[in-house]
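Take a look at the structure below.
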2 protein chains.
Amino acid sequence: MPRVNLPLSTEFALLGFLRRQPMHGYEIHQHLSDATGLGLVWHLKQSQLYALLSKLEREGYVTTTVEYQNTRPPRKMFELTETGRQTFQEWVQRPVQQGRKLRLDFMAKFYFAQMEGPEVALQLIEQQRLACRDWLHQLEQEAEPLRQSRPYDWLVHKFRIGQIEAMLAWLDTCQEMLPAAIH
Amino acid sequence: MPRVNLPLSTEFALLGFLRRQPMHGYEIHQHLSDATGLGLVWHLKQSQLYALLSKLEREGYVTTTVEYQNTRPPRKMFELTETGRQTFQEWVQRPVQQGRKLRLDFMAKFYFAQMEGPEVALQLIEQQRLACRDWLHQLEQEAEPLRQSRPYDWLVHKFRIGQIEAMLAWLDTCQEMLPAAIH
DNA sequence: AATCATTAGTCATTGATTGAGTATTCCTAA
DNA sequence: TTAGGAATACTCAATCAATGACTAATGATT
């Protein structure tokens, strides 16, 4: 049971598929292969998915057992370890700390948070709001003195500020939608 | 002179450094290593930069000549080929076609476009505006029917719509700033 | 005099990603 | 009915990207 804890991040989302019951790789791939739900934001080749699952196993977040079938190829069933379960719980509630992680990492967190129920989703939304507001203030501080001296740098800051403001507005929308978003 | 034309994209930005005069890798790295200008948006390790430059050479966009110095280590000078020059001209004017390329690819284009002068920058801005408006319409079409049936998918669309609207607003800001942004 | 940053680039290794392959079985339509 | 294709389930080799460490000389600093 090796616990190396390399810098995993996006791949933790895969733990979400296993949070209720064990699953085999092929089934996870099916969930991701049509452009709906998490498949709308995360496109993974089959071989890439299996590679990530192996990595999660190597690092002790999941264990596998081979399940032989009468007629079909045998399945490798993936199951959360206790570490895996804890890691998922933490991951799904922790806001992302960089703007570039909003598109994929945050959307994956929100996907599972929303499936876990409104409390979890609301918690994530609120935490992410705080993180965004921090970025915003910091960027506004940094932008101020650049306006005259470094127009390009100032515009880059303005771009980021705009993206984060849009994110904050969207988080409000999420909150309003929440009751409807529960499956 | 191999011309393979693999799917290069971000690395074309490096051609921008050579558009006025030949340069060696170390100097390009210096331009990127402080967090201003292009270095604000593109963080490249030294070895990674050299790897990209070699790739551009392999594919025929640049040629190299070694320049020996009396006391310092010899420099490998990179110079645009005619293909490289044309490729840069096309690259710098062509809008990006995916939202996730706004952060890096578009900012790199805009960096050099703006250095080339207001006409080039205005052209890029206008082209990017058109691309963004297309995305926006398409996303709005797609989002419509999802509202009731697939709340998560609808929210993902809303997120993207928000990011693109923010981009469009920012493009207006760029246009207003342009006269000041020229060095 | 010793130490540290600068110059300029290489290299080996690890990690990520891809496309293709495998082998069985089920379904469908001529 | 039988040929062809899609589905099931995973593996593998090969390429591509990325990282950290290294070299080796000079100049600057304390």
Side-chain angles (χ1 to χ4, degrees), chain A residues 2 4-14 17-18 21-34 39 42-59 61-79 100-101 104-105, chain B residues 2 4-14 17-18 21-34 39 42-59 61-79 100-101 104-105:
Chain A
V4 192
N5 226 59
L6 290 180
L8 305 199
S9 64
T10 314
E11 43 268 56
F12 283 146
L14 294 176
F17 287 109
L18 312 173
Q21 74 285 129
M23 222 181 252
H24 54 100
Y26 189 79
E27 191 181 352
I28 295 178
H29 182 248
Q30 283 180 317
H31 280 95
L32 289 173
S33 64
D34 53 341
W42 199 10
H43 306 288
L44 264 185
K45 300 274 165 79
Q46 207 182 11
S47 45
Q48 177 66 5
L49 168 63
Y50 284 111
L52 293 181
L53 287 170
S54 300
K55 195 166 147 195
L56 289 172
E57 188 186 5
R58 267 206 317 280
E59 316 248 342
Y61 300 108
V62 301
T63 52
T64 61
T65 42
V66 179
E67 190 176 274
Y68 295 94
Q69 305 180 99
N70 40 5
T71 160
R72 289 292 178 188
R75 296 162 161 173
K76 201 188 263 186
M77 301 298 288
F78 292 86
E79 194 175 350
R100 72 182 92 132
K101 296 201 167 165
L104 181 50
D105 287 67
Chain B
V4 193
N5 225 59
L6 290 181
L8 305 200
S9 62
T10 315
E11 43 269 57
F12 283 146
L14 294 176
F17 287 109
L18 312 173
Q21 74 284 130
M23 221 180 251
H24 54 100
Y26 189 79
E27 191 181 351
I28 295 178
H29 182 248
Q30 284 180 316
H31 279 94
L32 289 173
S33 64
D34 53 340
W42 199 11
H43 306 286
L44 263 185
K45 301 274 164 79
Q46 206 182 9
S47 44
Q48 177 66 6
L49 168 64
Y50 283 112
L52 293 181
L53 287 170
S54 299
K55 195 166 147 196
L56 289 171
E57 187 185 7
R58 268 206 316 282
E59 316 248 343
Y61 300 107
V62 302
T63 52
T64 61
T65 41
V66 178
E67 190 176 271
Y68 295 94
Q69 305 180 99
N70 40 5
T71 162
R72 290 292 178 186
R75 296 163 162 176
K76 202 187 263 187
M77 302 297 287
F78 292 86
E79 194 175 351
R100 72 183 89 130
K101 296 201 166 164
L104 181 51
D105 288 68

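Here is how names work: the chains are called A, B, and so on, in the same order as the sequence lines, proteins then strands, and each is numbered from 1.
- Rounding to whole angstrom units, CG of residue A:Asn70 and C1' of C:dT25 are separated by 11 Å.
- One can place CG of B:Asp34 at 12 Å from P of C:dT6, the figure rounded to the nearest angstrom.
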Where do B:Phe78 and B:Phe17 land on the ring pair (Phe, Tyr, Trp, His ring centres under 6.0 Å) test, with the steps shown first?
CA-CA 10 Å; B:Phe78 292 86; B:Phe17 287 109; over 10 Å; no
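- The CG-P distance, from B:Leu49 to C:dC11, rounds to 16 Å in whole Å.
- For the pair A:Leu32 CG and C:dT17 P, the computed distance is 14 Å after rounding to whole Å.
- At whole-Å resolution of the value, OH in B:Tyr26 and P in C:dT7 are 4 Å apart.
- To the nearest angstrom, P of C:dT24 lies 16 Å from OH of A:Tyr68.
- Rounding to whole angstrom units, CZ of residue A:Arg75 and P of C:dT24 are separated by 18 Å.
- To the nearest 0.5 Å, atom CZ of residue B:Arg100 and atom CZ of residue A:Arg100 are 15.0 Å apart.
- Of the candidates B:Leu14, B:Val62, B:Leu18, B:Leu53, B:Leu18 is the only one forming a side chain to side chain contact (heavy atoms under 4.5 Å, CB included) with B:Met23.
- Nucleic acid contact for A:Gln30: sugar-phosphate only, since backbone atoms but no base atoms lie under 4.0 Å from a heavy atom of the residue.
- Within the 4.5 Å cutoff, no side-chain heavy atoms of B:Glu67 are placed close to those of B:His24.
- Between B:Tyr26 and B:Lys76 there is no side-chain heavy-atom pair separated by less than 4.5 Å.
- Proximity of A:Gln69 to the phosphate of D:dA9: a side-chain N or O atom is located under 4.0 Å from OP1 or OP2.
- Put simply, CD on A:Gln48 and NE2 on A:His29 are 10.5 Å apart, with the number rounded to the nearest 0.5 Å.
- OP1 or OP2 of D:dC10 lies within a sub-4.0 Å distance of a side-chain N or O belonging to A:Tyr50.
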Per-nt protein contacts along nucleotides 17-27 of chain D (heavy atom under 4.0 Å; B base, S backbone sugar-phosphate only, - none) come out as SBBB-----BS
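- Residue A:His29 has no polar side-chain atom (N or O) positioned under 4.0 Å from OP1 or OP2 of D:dA9.
- Look at NE2 on A:His24: it is 6 Å from P on D:dC10, rounded to the nearest Å.
- Under the 4.5 Å side-chain criterion, counting only non-hydrogen atoms from C-beta, B:Leu52 is in contact with B:Leu44.
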